Participant: 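Here it is, the structure in full.
Remember, predicted model here, so these are calculated numbers, not experimental data.
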Amino acid sequence: AGALAGEPQTLRFRGVDSPLGADLDQVRINRVVYTVLADVVAAAAAGGVDEAALAALDAMPRKLTLAVAAGGQRQRIPTGFEQAVPGILVMFTLLVLLTSGAVLLVAEREQGMLRRLAVAPLSRAEIVLGKLSGKLALGLIQVGFALLAGTVLFGMEWGPDLWMVLVVLVAWAALCGSLGLLIGCLGSSQGQVAGFGVLSANLLAGLGGCWWPIEITPGWMQALQKLLPTGWTMDALHKLISFGDGPASVLPHLGALLAATILAAWYASRRFRYE
């Protein structure tokens with residue numbers, strides 16, 4: 001009534017929310033105030049400001065509209081944990097297997113333990129397969145702990161296709177084990193492989209969408225994610241968990257992970273050395 005009478009108005013708002021919530025309240029209040037102000041200005045330009053003129057403005061079709069729809073089969077908006085928990089799981093599985101997995105192999109070579117295997121009735125491929133099996137077991141233990149902690153501590157919901165989520169994570173652990181073994185075969189010292197593992201894991205995690213939703217990044221970074229193993233894994237997990245796209249949607253991701261695992265294991269067997 002005061003605004004319609006042309007009297008200056010002052011709004012006071014008192015809240016008990018956190019500073020971040022207060023900022024959001026301020027945005028909402030400003031939106032309401034400037035919407036009313038714009039309607040008053042438009043009604044005044046059209047001939048007069050009264051309740052009927054404002055109601056007529058409100059009934060007019062808007063030039064700009066916003067259509068909101070679910071991005072997949074799942075209707076509920078994912079929580080932040082449904083990005084953070086899979087992202088941390090993927091990152092630390094890679095970090096542990098690229099560092100400790102590679103360091104242990106270098107330590108065994110430096111201590112002469114691998115030379116003993118040279119006289120054992122085992123082929124090079126069998127030795128590499130045995131080392132890879134141990135690293136895969138370590139990765140699976142880490143994945144299992146992360147699944148349990150994410151579910152119990154953070155209420156993580158893994159979507160309707162948990163079995164396919166497990167298949168993707170097993171394939172990811174196998175690839176991480178193969179890459180750790182390959183780094184151990186190529187490296188010459190424990191410090192070298194540990195440093196390379198830490199740097200590589202953090203770089204791949206950041207560019208692969210483990211730290212933040214890849215959708216908020218520039219276009220070139222979203223395109224780059226599709227070329228990285230962390231990107232394949234995170235995209236597959238989000239399709240299953242956040243969008244409910246079904247198991248068939250991640251078959252290309254699984255194929256890429258398995259192909260990379262086989263290639264890394266094959267090259268590791270070629271570069272494996274006893275001393």
Side-chain angles (χ1 to χ4, degrees), residues 1-88 90-91 154-160 203 205-228 230-232 234-246 249-250:
L4 291 178
E7 301 171 359
Q9 302 297 311
T10 300
L11 300 182
R12 290 184 175 87
F13 174 77
R14 294 181 180 178
V16 294
D17 207 344
S18 64
L20 185 59
D23 289 342
L24 180 57
D25 290 335
Q26 184 68 43
V27 171
R28 290 170 172 168
I29 292 170
N30 287 339
R31 182 177 61 185
V32 171
V33 169
Y34 285 108
T35 298
V36 174
L37 177 61
D39 285 347
V40 170
V41 171
V49 181
D50 53 27
E51 292 186 14
L54 295 178
L57 280 175
D58 189 56
M60 293 177 61
R62 302 293 177 177
K63 297 293 186 180
L64 298 177
T65 59
L66 176 64
V68 180
Q73 300 299 320
R74 181 175 179 175
Q75 298 302 311
R76 185 179 64 79
I77 298 175
T79 66
F81 285 124
E82 288 164 3
Q83 157 67 33
V85 172
I88 295 300
V90 169
M91 173 187 171
F154 304 107
M156 177 69 189
E157 295 184 13
W158 299 97
L203 186 62
L207 295 176
C210 296
W211 294 350
W212 41 63
I214 199 65
E215 291 82 4
I216 70 171
T217 62
W220 67 266
M221 192 169 175
Q222 297 184 40
L224 180 61
Q225 186 212 29
K226 300 176 181 178
L227 305 177
L228 303 175
T230 45
W232 307 335
M234 288 302 298
D235 189 50
L237 292 176
H238 281 313
K239 284 182 179 296
L240 295 171
I241 298 170
S242 301
F243 299 105
D245 288 343
S249 65
V250 302

Participant: What's the spacing between D235 CG and T230 OG1 if we round to 0.5 Å?
Facilitator: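 Nearest 0.5 Å value for the CG-OG1 distance: 11.0 Å.
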
Participant: At what distance, to the nearest 0.5 angstrom, does CZ of F13 lie from CD of Q26?
Facilitator: 9.0 Å

Participant: Check whether any side-chain heavy atom of M156 sits under 4.5 Å from a side-chain heavy atom of P86, and report yes or no.
Facilitator: yes

Participant: Please list every donor-acceptor pair under 3.5 Å in which a side-chain atom of residues 32-45 meets a protein atom from a residue at least two apart or in another chain.
Facilitator:
{"unit_1": "T35", "atom_1": "OG1", "unit_2": "R31", "atom_2": "O", "d": "2.6"}

Participant: With a 3.5 Å distance limit and no angle check, can you tell me whether Q9 reaches the backbone of E7 through a side-chain donor-acceptor pair?
Facilitator: yes

Participant: Backbone N or O of G209 within a donor-acceptor pair of the Q83 side chain at under 3.5 Å?
Facilitator: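 Yes.
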
Participant: Roughly how far apart are Q225 CD and W232 CH2, rounded to 0.5 Å?
Facilitator: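 The CD atom of Q225 sits 11.5 Å away from the CH2 atom of W232.
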
Participant: Got a sec, which residues hit side chain to side chain contact (heavy atoms under 4.5 Å, CB included) with T217, two or more places apart in sequence or on another chain?
Facilitator: W212, I214, M221, Q222

Participant: Going by the rule side chain to side chain contact (heavy atoms under 4.5 Å, CB included), which residues pair with P160 if we only count those two or more places apart in sequence or in a different chain?
Facilitator: none

Participant: Can you name the nearest heavy-atom pair linking A205 to W211, along with the distance?
Facilitator: CB-NE1, 3.7 Å

Participant: For the atom pair OG (S242) and CE (M234), what is the distance rounded to the nearest 0.5 Å?
Facilitator: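 Here the interatomic distance stands at 8.0 Å.
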
